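Numbering of ligands and ligand atoms starts at 1, following listing order. Below, each value reflects all heavy atoms present in this structure, side chains not excepted, and no hydrogens, waters or symmetry copies. Since this is a predicted model, take the numbers as computed values, not measurements.
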Amino acid sequence: MNQIPFASFVPMEKELGDAIKGAFSRVLDRSFYIGGPEDEAFENAFAAYCGTKYCVGTGNGLDSLMLILKALDIGEGDEVLVPSNTYIATALAVTYVGAKPVFVEPDLRYFNLDPSHLEETLTERTRAIMPVHLYGQPCDMDPIMSFAQKHSLYVIEDCAQAHGATYKGKKVGTFGDAAGFSFYPGKNLGALGDAGCAVTNHAEIADRVRALGNYGSDYKYHHIYKGNNSRLDELQAAVLSVKLPHLDRMNEARRKIAAYYLQNMHNPEVILPQVIRDVSPVWHIFAVRCRKRDRLEAWLKEKGIGTNKHYPIPMHLQPCYTDLGFHEGDYPIAETISATELSLPMYYGMTDEEVQYVVDGINSFPG
Ligand SMILES: *Cc1c(COP(=O)(O)O)cnc(C)c1O
């Protein structure tokens, strides 16, 4: 066994390839490509899966978040709280609507936004919190929701890495005012290209997101907003409808891998991820931390084990955000994660031998 990729689509494609090709043919035979029955069917199925009243397909996860912010009239002069440790899209969505992302430090144990840091980031301009269920692990929603209620803030969940994850038995995406999902191919539920959606229980938000993503149009050639073009196309919707019924089973396979990793990895140099109480993560990413992270990366690479870093540069130090005026040391927890985090192989269809090989690779790391 000399090559274990960081991620692989091959086992999924072997199982679902024929059904996916069937979906292509169905769309092709119908000669209808945008805003048709596939989109509607997937939206209904995904809303039912999440347990929300509405789902609106979009072009990608970034747009989902951006359109929700727009739908809530968040823009110029407003501040939105986002974790200092996330993928850039969360912060960019805020920037795109003209608002200012204000970073909140995560909890080093769970990598997610630390509710105890919310108070210090609040100003009279704060309008919303965007908790990110990073790596597929749900945020601690109870304290986040009560903070939001106390200060009349919107909550927009970034669920791009957490399709199907639960907090106290309830799916993520159902706690806040609305939630954005990404169906980027590598996500737990992935299309064969860019795709995304917004879910919500509020009809007005759903209607606004749909209009905003369709050139701001409520009916044909009538434009009530200066909108965007960001829609879920029929081909991607058809693919997602094939994959959705398998999502829970595929997430369960990830949970098994994670459980085996957690039980069998023992190396004082390697800090394993912790999970908060009463949640069921979906392990989009299995993130460990190591002071000698780059040495660990090289050690595993030598053994043919693929890894990745999520994310090597924290938001506030990204070149595109120099205008925010931050310096190294401003968000020490996010910086620590960036400097020490390593993501281990995690994908549907990893064999027991492959999982064991990764465990052996970690356990034999000399430091
Ligand atoms: C992938 C991702 C997004 C953006 O999704 P796209 O579909 O790539 O635009 C947003 N937030 C997080 C946390 C992500 O991982």
Side-chain angles (χ1 to χ4, degrees), residues 6-7 9 42 46 55-70 80-97 101 103-104 106 110-113 128-139 141 144 155-165 172-173 176 178-199 209 212-213 228-233 235-237 239-240 243 251 254 273 281-287 308-315 318 320-321 334 337-338 341 343 346-347:
F6 166 66
F9 297 128
F42 175 72
F46 196 68
C55 168
V56 181
T58 64
N60 57 67
L62 168 60
D63 283 356
S64 308
L65 298 171
M66 186 261 289
L67 295 171
I68 292 167
L69 288 164
K70 264 190 164 182
V80 178
L81 308 183
V82 303
S84 54
N85 174 48
T86 179
Y87 181 56
I88 190 84
T90 320
L92 282 180
V94 177
T95 304
Y96 272 15
V97 299
F103 301 119
V104 185
Y110 315 117
F111 301 104
N112 273 331
L113 185 151
I129 311 175
M130 292 178 82
V132 181
H133 306 294
L134 200 68
Y135 310 151
Q137 161 141 218
C139 292
M141 290 311 292
I144 293 173
V155 174
I156 301 145
E157 298 173 69
D158 181 340
C159 296
Q161 303 191 356
H163 318 68
V172 300
F181 282 86
S182 163
F183 303 121
Y184 178 80
K187 310 289 184 177
N188 288 36
L189 178 60
L192 303 187
D194 279 314
C197 77
V199 300
V209 167
L212 284 164
N228 295 72
N229 174 11
S230 187
R231 304 173 292 213
L232 178 62
D233 66 70
L235 208 47
Q236 298 304 345
V239 170
L240 290 166
K243 292 177 78 176
N251 279 341
R254 287 173 181 265
V282 292
W283 301 103
H284 175 59
I285 285 165
F286 190 89
N308 221 323
K309 294 170 199 149
H310 297 94
Y311 296 90
I313 306 170
M315 297 305 95
Q318 289 290 353
C320 68
Y321 278 132
I337 292 172
S338 289
E341 191 273 347
S343 306
M346 171 59 77
Y347 52 88

Please list, chain by chain and in numerical order, all residues satisfying side chain to side chain donor-acceptor pair (under 3.5 Å) with [X], sequence neighbours excluded.
X      : answer
Ser64  : Thr58
Thr95  : Tyr321
Gln137 : none

Heavy-atom donor-acceptor pair, Asn188 side chain to Ala162 backbone, under 3.5 Å: no

Parallel, tilted or perpendicular: rings of Phe46 and Phe183 (30°, 60°):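 Geometry flag for Phe46 against Phe183: perpendicular rings.
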
Neighbour list for ligand 1 [protein residues, heavy atom under 4.0 Å]: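 Only Asn60, Gly61, Leu62, Thr86, Tyr87, Ala89, Thr90, Val132, Asp158, Ala160, Gln161, Ser182, Lys187 have heavy atoms that fall under 4.0 Å of ligand 1, ordered by chain and number.
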
Sole residue of His163, Glu157, His284 in side-chain hydrogen bond (donor to acceptor under 3.5 Å, both in side chains) with His133: Glu157

